[in-house]
**Student:** 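Below: one structure in structure tokens.
Worth knowing before you read on, the calculation uses all heavy atoms, side chains too, and leaves out hydrogens, waters and symmetry mates. If you're wondering where the values come from, they're calculated on a predicted model, not measured in any experiment. Proteins come first, then strands; the chains are lettered A, B, ... in the order of their sequence lines, and each starts at number 1.
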Amino acid sequence: MKIASWNVNSLKVRLPQLLQWLADAKPDIVALQETKLEDAKFPAAELAAAGYRTVFSGQKTYNGVAILARETLGDFADTVTDIRGLDDPQRRILAASVGGLRIVDLYVVNGKAVGDEKYAYKLHWLERVREFLAGEIERHPRLVVLGDFNIAPDDRDVHDPVAWGEDILCSPSERAALKAITELGLHDSFRLFQPEGGHFSWWDYRQAAFRRNMGLRIDLILLGEALKPAAIGASIDREPRRWERPSDHTPVMLELDT
DNA sequence: ATGGTAGCTGGGCTA
């Protein structure tokens with residue numbers, strides 16, 4: 001089973017690319033972030049025609065998350081869009097069970113800059129999410145937590161750690177908040193297979209960052225302890241980032257033997 | 001310290 005996460009930065013713009021990529025990569029489950037679409041405008045019919053069932057939690061202009069699952073995996077169950085302690089109109093969280101797995105799709109708050117009020121909110125949000133995930137892993141040992149974390153876990157995940165220093169996406173408090181989540185027993189699946197640095201999932205649109213490989217690895221697929229032995233490969237598919245009018249993120253993937 | 005680009009929107013926010 002192939003599981004993927006992709007911040008599409010507007011599903012309206014990227015739908016043709018998503019459909020092409022689904023045909024090319026043939027993932028079984030896909031978590032999307034930054035759909036930027038109200039639920040009434042979600043392209044469920046187009047994705048159904050491509051063979052995928054969908055659940056989604058969207059809003060206009062900003063944020064928005066969705067999960068796609070190959071129709072042969074059956075229906076979604078126990079869908080969650082809001083968690084305890086977060087009274088948040090921003091649509092950044094979507095959990096659902098499908099195909100014998102518990103999937104939690106996250107679009108983590110960016111935070112803007114260290115010290116900004118959005119940064120404080122990012123840390124608060126991550127703590128509430130950690131509490132939510134502690135419950136999820138109890139109820140659903142076969143847990144996959146994936147999405148745009150807006151945190152580079154360590155310096156291997158940063159093209160120029162000196163230049164980035166302790167700036168947003170790399171600061172010690174953000175990394176500690178992510179570590180508190182992984183210490184629940186959630187493993188960064190990419191690192192089960194690739195110990196080297198220099199592998200990124202996001203490149204800023206500016207400064208020709210992709211061409212110069214000035215990227216960060218901030219899109220992650222975390223695996224619960226029970227699923228760790230099932231992991232048989234992890235990768236980052238840079239191809240869609242090369243396409244015309246791309247998202248600034250590219251899909252990250254995990255293969256599970258289930 | 002700023003600005004560079006993209007998306008949504010119709011000026012400014014978010015990233």
**Student:** Share the residues that join L68(A) in a hydrophobic cluster, the rule being Ile, Leu, Val, Met, Phe, Trp or Tyr side chains under 4.5 Å apart at the heavy-atom level.
**Tutor:** W6(A), V8(A), L11(A), L15(A), L18(A), L19(A), W21(A), L22(A), V30(A), L32(A), L37(A), F42(A), L47(A), Y52(A), F56(A), W243(A), M253(A)
**Student:** Could you tell me whether the phosphate oxygens of dA15(B), OP1 or OP2, come under 4.0 Å of any side-chain nitrogen or oxygen in K112(A)?
**Tutor:**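 No.
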**Student:** Please list, chain by chain and in numerical order, all residues satisfying side-chain contact (heavy atoms from CB on, under 4.5 Å) with L86(A), sequence neighbours excluded.
**Tutor:** I83(A), I93(A), Y121(A), H124(A), W125(A), R128(A)
**Student:** What are the residues of residues 4-13 of chain A, sorted by number, that bring a heavy atom to within less than 4.0 Å of DNA chain B?
**Tutor:** N9(A), S10(A), V13(A)
**Student:** Between protein and nucleic acid, restricted to nucleotides 1-3 of chain B and to nitrogen or oxygen atoms under 3.5 Å apart, what atom pairs and distances do you find?
**Tutor:**
from   : atom 1 : to      : atom 2 : distance (Å)
dG3(B) : N2     : Q207(A) : NE2    : 3.4

**Student:** Hey, is the side chain of R245(A) poking within less than 4.0 Å of OP1 or OP2 on dG7(B), counting only N and O atoms?
**Tutor:**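 So the side-chain polar atoms of R245(A) do come within 4.0 Å of the phosphate oxygens OP1 or OP2 of dG7(B), strictly under.
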**Student:** Whole angstrom is fine here: how far is it from CD1 in I218(A) over to C1' in dA15(B)?
**Tutor:** 10 Å
**Student:** From CZ of F210(A) over to P of dA6(B), roughly how many Å is that when rounded to an integer?
**Tutor:**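 Checked: the CZ to P distance equals 14 Å.
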**Student:** Under the rule for side-chain contact (heavy atoms from CB on, under 4.5 Å), what residues qualify as partners of A209(A), not counting sequence neighbours?
**Tutor:** W203(A), D204(A), M214(A)
**Student:** Can you tell me the distance, in whole Å, between the CH2 atom of W203(A) and the C1' atom of dA15(B)?
**Tutor:**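 For the pair W203(A) CH2 and dA15(B) C1', the rounded distance is 16 Å.
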**Student:** Please tell me which of T61(A) and Q90(A) maps to the more 5' nucleotide of DNA chain B, matching each residue to the nucleotide holding its nearest heavy atom.
**Tutor:** T61(A)
**Student:** Looking only at side-chain N and O atoms, does Q33(A) offer a donor or acceptor that is under 3.5 Å from a partner on D148(A)?
**Tutor:** no
**Student:** Find the distance Y121(A):OH to dT14(B):P and express it as a whole number of Å.
**Tutor:** 14 Å
**Student:** Take atom NE2 of H249(A) and atom P of dA6(B), then tell me their distance rounded to the nearest Å.
**Tutor:** 15 Å
**Student:** Provide the distance between the two C1' atoms, one in dG10(B) and one in dA1(B), to the nearest whole Å.
**Tutor:** 30 Å
**Student:** What does Y107(A) touch in the nucleic acid at a heavy-atom separation under 4.0 angstrom: a base, only the sugar-phosphate, or nothing?
**Tutor:** sugar-phosphate
**Student:** Can you tell me how far apart CG (L178(A)) and CG (D154(A)) are? Round to the nearest 0.5 Å.
**Tutor:**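 Interatomic distance, L178(A) CG to D154(A) CG, rounded to 0.5 Å: 9.5 Å.
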**Student:** By nearest heavy atom, map K60(A) and W202(A) onto DNA chain B; which one lands nearer the 5' end?
**Tutor:** K60(A)
**Student:** Got a sec, which residues hit side-chain contact (heavy atoms from CB on, under 4.5 Å) with P161(A), two or more places apart in sequence or on another chain?
**Tutor:**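 By the side-chain contact (heavy atoms from CB on, under 4.5 Å) rule, P161(A) matches D155(A), V158(A).
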**Student:** Rounded to whole angstrom, note down the C1' distance from dA15(B) over to dG4(B).
**Tutor:**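 The answer is 13 Å between these two C1' atoms.
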**Student:** Who pairs with R102(A) by side-chain contact (heavy atoms from CB on, under 4.5 Å), at least two apart in sequence or on another chain?
**Tutor:**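 With sequence neighbours excluded, R102(A) shows a side-chain contact (heavy atoms from CB on, under 4.5 Å) to D78(A), V80(A), A95(A), S97(A), E136(A), H140(A), L143(A), given in chain and number order.
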**Student:** Tell me if the CD atom of Q90(A) is crowded by more than 12 foreign heavy atoms within 6.0 Å.
**Tutor:** yes
**Student:** Rounding to a whole Å, what distance do you find between F149(A):CZ and dA15(B):P?
**Tutor:** 17 Å
**Student:** Whole Å only: how far is the CD atom of E34(A) from the C1' atom of dA6(B)?
**Tutor:** 10 Å
**Student:** Holding to ring pair (Phe, Tyr, Trp, His ring centres under 6.0 Å), I want the full list of residues that pass it with F200(A), two or more places apart in sequence or in another chain.
**Tutor:**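 Testing F200(A) for ring pair (Phe, Tyr, Trp, His ring centres under 6.0 Å), a comparison that skips the adjacent residues, returns none.
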**Student:** When you compare dT2(B) with dA6(B), how far apart are their P atoms, in angstrom units rounded to a whole number?
**Tutor:**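 Straight-line distance between the two P atoms is 23 Å.
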**Student:** From C-beta outward on Y62(A), which listed nucleotide comes closest to its side chain: dA15(B), dA6(B), dT14(B)?
**Tutor:**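 Looking only at heavy atoms from C-beta outward on Y62(A), the closest nucleotide is dT14(B).
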**Student:** Could you name each residue pair satisfying salt bridge (Lys or Arg N to Asp or Glu O under 4.0 Å) that touches residues 229-247 of chain A, not counting sequence neighbours?
**Tutor:** E239(A)-R242(A)
**Student:** To the nearest Å, how far apart are Y205(A) OH and dT14(B) C1'?
**Tutor:**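 Roughly 12 Å, once rounded to whole Å.
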**Student:** Check whether any side-chain nitrogen or oxygen of R92(A) sits under 4.0 Å from OP1 or OP2 of dA15(B), and answer yes or no.
**Tutor:**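 Checking dA15(B) against R92(A), a side-chain N or O does come within under 4.0 Å of OP1 or OP2.
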